Amino acid sequence: MNKLINHPDDMVKEMLEGYLSIYPNQFERVPNTIGLMKKNKSEQVSIVVGGGAGNEPWIMGYVGEGLATGAALGNVYTAPPSRAILNVTHAVTNSKGVLYICTNHMGDVLNFELVRELAELDGIESRCVFVTDDISTASLEQKAERRGVAGIALVVKVAGAACDFGLSLEEVVRIANKAKENTNTFSVTTSAGYMPGSGRAMFEMPEGEIEYGMGFNGEPGILHTKLGSADEIAETLMKYLLNDMKLTKTDEIAVMINGFGFTSLLELCIIGRKVKQIINTNKIQTHDIFIDQLFCPQGTGGLSITIMKLDSELKKYYDAPAYSPFFNKIAIGE
Amino acid sequence: MNKLINHPDDMVKEMLEGYLSIYPNQFERVPNTIGLMKKNKSEQVSIVVGGGAGNEPWIMGYVGEGLATGAALGNVYTAPPSRAILNVTHAVTNSKGVLYICTNHMGDVLNFELVRELAELDGIESRCVFVTDDISTASLEQKAERRGVAGIALVVKVAGAACDFGLSLEEVVRIANKAKENTNTFSVTTSAGYMPGSGRAMFEMPEGEIEYGMGFNGEPGILHTKLGSADEIAETLMKYLLNDMKLTKTDEIAVMINGFGFTSLLELCIIGRKVKQIINTNKIQTHDIFIDQLFCPQGTGGLSITIMKLDSELKKYYDAPAYSPFFNKIAIGE
Amino acid sequence: MKNSMNAEQLKNMFLSVAQKIVDSEDFLTEIDIKIGDGDHGIGMSVGFRNVLKELPKCQFTGAEDVFKMVGTILLDTMGGASGVLFGTMFISGIIKRPVSEEMKLSDFAEVFRKSLNALQQRGKAHIGDKTMIDAFEPAVIGLEESVCNGLSLVDGLNVAAIKAKEGMEYTKQVVAKFGRAKSYGEKAIGLQDAGATSVWIIFQEIADWSTGNLS
Amino acid sequence: MKNSMNAEQLKNMFLSVAQKIVDSEDFLTEIDIKIGDGDHGIGMSVGFRNVLKELPKCQFTGAEDVFKMVGTILLDTMGGASGVLFGTMFISGIIKRPVSEEMKLSDFAEVFRKSLNALQQRGKAHIGDKTMIDAFEPAVIGLEESVCNGLSLVDGLNVAAIKAKEGMEYTKQVVAKFGRAKSYGEKAIGLQDAGATSVWIIFQEIADWSTGNLS
Ligand SMILES: Nc1ncnc2c1ncn2[C@@H]1O[C@H](COP(=O)(O)OP(=O)(O)O)[C@@H](O)[C@H]1O
Ligand SMILES: Nc1ncnc2c1ncn2[C@@H]1O[C@H](COP(=O)(O)OP(=O)(O)O)[C@@H](O)[C@H]1O
Ligand SMILES: [Mg+2]
Ligand SMILES: [Mg+2]
Ligand SMILES: [Mg+2]
Ligand SMILES: [Mg+2]
């Protein structure tokens, strides 16, 4: 498929340059690094995120008010080098400590763990939270082994608010971990995405078939079916999620319906209609539900549903407004 | 391509139902109509928009704070029946008059003109503004003949703010018309979109080729080329726009880079980088520039660039924040 | 052989027309796909499916009421350009007419002439612009000439159908001045207009029904 | 025949290794596409292209500094899992070692054993998990056994290359426990691991360079 880039080697750098040139008052470049940070600095715990580009707005668009303080971008689907993350760490306010949040992929984990050691050597207190929301990648007992996907949007949002409230690093980490433990995602892929560098499909997906729990690079999922109706798809997604989370009537949740890029808002709203019906039927309390495209693997067909179980503490931080040019969450609640 | 719907006959209705069930505090259904309106009512001029679904968020997502008051949705790519528009007109506050804004397509124009007559018969004062921003569809001398595309986002935003400022219908119409006259769009299509009802491609587009000024349903454009680099594409788009608008150093503009759905934020930022460079080279003053997906023909590849020339009056209304779940424009200016 | 139609006959005739349009959905879609957006078939069939559903429930006192009901159903349910245009085709001709029990050929000619005028005021299209006008205007002229020539109702309606068909064929020779087809320029030559095709189907079925039920 | 390497020779050897990896980009990409995300070839080639660019500019006093520089370049420029892993492979083994002018076979064995340990601490992978460890650990054992057996530097390095290759072949027989390959389960059988392939290329070129330049 036709992709609009100049040269594969430059695309992440140029994406960042474009973003910064369009929003120069809000963000600045981290020197010598494919990374950015908020211009508006304040004396509080900073959140640094990072990962491979290619799922925009994730990473670059997650730096903002009530969100992350800075970010390091790797090449498409490749974790950023530790050096880049360390440079961001040094560039942001770090006197109150730094919380690293990334998805639980080997490359990210290895780099962030290494950076944490290096930051400590440089006298910067830091912690890592690896988001593990994808229920299809390991059993509930092995939640720590699950990979991280769109749920990181909600974890960063909650943790970002906790930083803004002036909490200590330990407290922010505790809340981020609580958010992470309560966040689960399940997805369906309906057509392949395309590598921006080559325009090549990332995997093969026969027309009329779909796969649940598939990875963005075509890693096999856990259920392959014929394309069903939107209602059937919503039912399958919710069945797995409700099963995994064992939600009851006393539970209060936030729900994010996240489109993968190719799938349109028209389709996402039709899915959302059924999701809301299922939640109502199960009499689970919906604190908030919304539709957005916050974790989009390059023109892929499909969507994910993320559910975060809330307690009063998480709700407090969840409710704080978040804002970046590509991550807008101002109004909360039904 | 796999599309997530239940039945083609129900898809627009179910999209609306889903949207309303997810955002029940902000919007309500117009009785007996595929249409919605803001719950929050106030004594001011109302804006009613309408058109065929299929370019979401356009139409449904344009009802919101600082935007339209209500909307009637037609089937995919089909103007809504006059009856539906009339029902919305009766449901919103109409004592101060109603401004209809739609794109300049025959079906929309015919229905809105008819509704205007019918509304007058019912004692409701109303006016129509047909947006004509697509520079590729008629010569500058025949601007009134041009079709309307993504530029309607900015016209609705400016007019919505004018309503909120408490202006009279005549004043709102004057400002909406000024906004419309100053708004121009040029687009490039890089891959076909897909009809949500059938999953069929809306047109054929050979791999490695792109077309400038093409219609969303495959209507021929004005320039067909091989796929070039992102920079070349940005240059071509801007060349035509600057030529048509004849902008000079004293002009101040707002720029919207609008993705069509399939094209990713990564690509849009790379395009945005070059667009900003070209504006800077031409020493035109950028009051605001932003990247979003506000007019998306169902998974189509490509983008449009819209430029609105601003004077101090337009700037005042342009700068007012606008908000709906799918149309967020809070921060203005570089 | 009857030389006029009452409300009941008009109702049956329009039900027959409606069925014909519904049966032609795919045919109209194919035509509109080539130089439009492909929704004309769906739009017409939605409108006339509603006619099939609602019309049988109605009781009519005058012939004009049947026209008005058909037009209103189309206007309220179709959407698109054609919702207004085909609504106008049936509604605008009977506005301000006194209610009549029977409609003669001259009444058909008058009613459709009035709606043709209204249609042109709305749509601003003329012969040669590759729209439904290219079929509708000749059909109206055919009715008027048949009145002058003293033809029977059935014969006059058959003349109208023949003229509509010629008009529809003529749309293949011209480029479009309106709507999505406009951007096709010279590429539209050889392709017929969807709206004109619908107009022909309507007049053809009016003629066929009359031939079958009035002769 | 020289039985040790000085800094200058190590530098030349690593330049040769770097060139080999850069030349293998497409080969590594193809392997990683089948059960990974296809970026291993690009990542390795980016890292070692930087080695090719930066290493010639450096002046080294001790042998360890060459290892450290290669590892740092990889760590700072590659990203991905392999940036850390291959960075560790060259850096961690020389940490806290006194600077030496010449490296003997026993030094190679010591340095790579230490980095293997560090790598396992970071990545938590063991033999049979279908990772680069499957090639690296046998290579290190090969070096250690060669020391015990009193082999020459060149012969010992050749033993390491053979063992690395066997390990790489072995990855075809097992399912993955880490990374994207994990989700392929039994489908990964028959496919070799990309990281293990890179380890083999590195040890093979170390052996080949030594054979060509020290024998
Ligand atoms: N201005 C006009 N005047 C008369 N008929 C028109 C005009 N514009 C369009 N039409 C008719 O409408 C038809 C298209 O109808 P349809 O496809 O249902 O609507 P849309 O153009 O909104 O998709 C055309 O084939 C043409 O005959
Ligand atoms: N935990 C681990 N321990 C050792 N090696 C690993 C581990 N995880 C991955 N690897 C190695 O890294 C290779 C993948 O590298 P690469 O494709 O560059 O990174 P990524 O997995 O981030 O795309 C695998 O082939 C494997 O040999
Ligand atoms: Mg990778
Ligand atoms: Mg249409
Ligand atoms: Mg049409
Ligand atoms: Mg890889």
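Bear in mind the structure is a predicted one, so any value in this text is a computation, not a measurement. Convention: sequence-line order gives letters A, B, ...; per-chain numbering from 1.
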Can you tell me which portion of [X] sits under 4.5 Å from chain A's heavy atoms? Options are side chain, backbone, both or neither.
X        : result
D/Lys177 : neither
D/Ile42  : neither
D/Asp76  : both
D/Ser82  : neither
D/Ile33  : side chain

Please say whether more than 12 non-hydrogen atoms of neighbouring residues, nucleotides or ligands are located less than 6.0 Å from [atom1] in [X].
X        : atom1 : result
D/Glu169 : CD    : yes
D/Lys165 : NZ    : no
A/Lys226 : NZ    : no
A/Lys180 : NZ    : yes
D/Lys182 : NZ    : yes

Backbone of D/Ala81 reached by a side-chain donor or acceptor of A/Asn111 within 3.5 Å: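 Flag not set: sc A/Asn111 to bb D/Ala81 has no pair under 3.5 Å.
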
Close contacts, residues 68-88 of chain A versus chain D, judged by heavy atoms under 4.5 Å: A/Tyr77, A/Thr78, A/Ala79, A/Pro80, A/Pro81, A/Ser82, A/Arg83

Residues from residues 128-152 of chain A approaching chain D under 4.5 Å (heavy atoms):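 A/Thr137, A/Glu145, listed by number.
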
All side chain to side chain contact (heavy atoms under 4.5 Å, CB included) counterparts of A/Asp10, not counting sequence neighbours: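 With sequence neighbours excluded, A/Asp10 shows a side chain to side chain contact (heavy atoms under 4.5 Å, CB included) to A/His7, A/Lys13, A/Glu14, given in chain and number order.
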
Set of residues satisfying side chain to side chain contact (heavy atoms under 4.5 Å, CB included) with respect to D/Gln9, sequence neighbours excluded: D/Lys2, D/Met5, D/Asn6, D/Trp209, D/Leu214

Pair A/Glu219 + D/Lys187, salt bridge at N-O below 4.0 Å: no

A/Leu114 versus D/Val84, closest heavy-atom pair with distance: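 Closest heavy-atom pair between A/Leu114 and D/Val84: CD2-CG1, 4.2 Å.
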
Smallest separation among heavy atoms of D/Tyr184 and A/Gly218, with atom names: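 The pair with the smallest heavy-atom distance is OH-O, 3.6 Å.
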
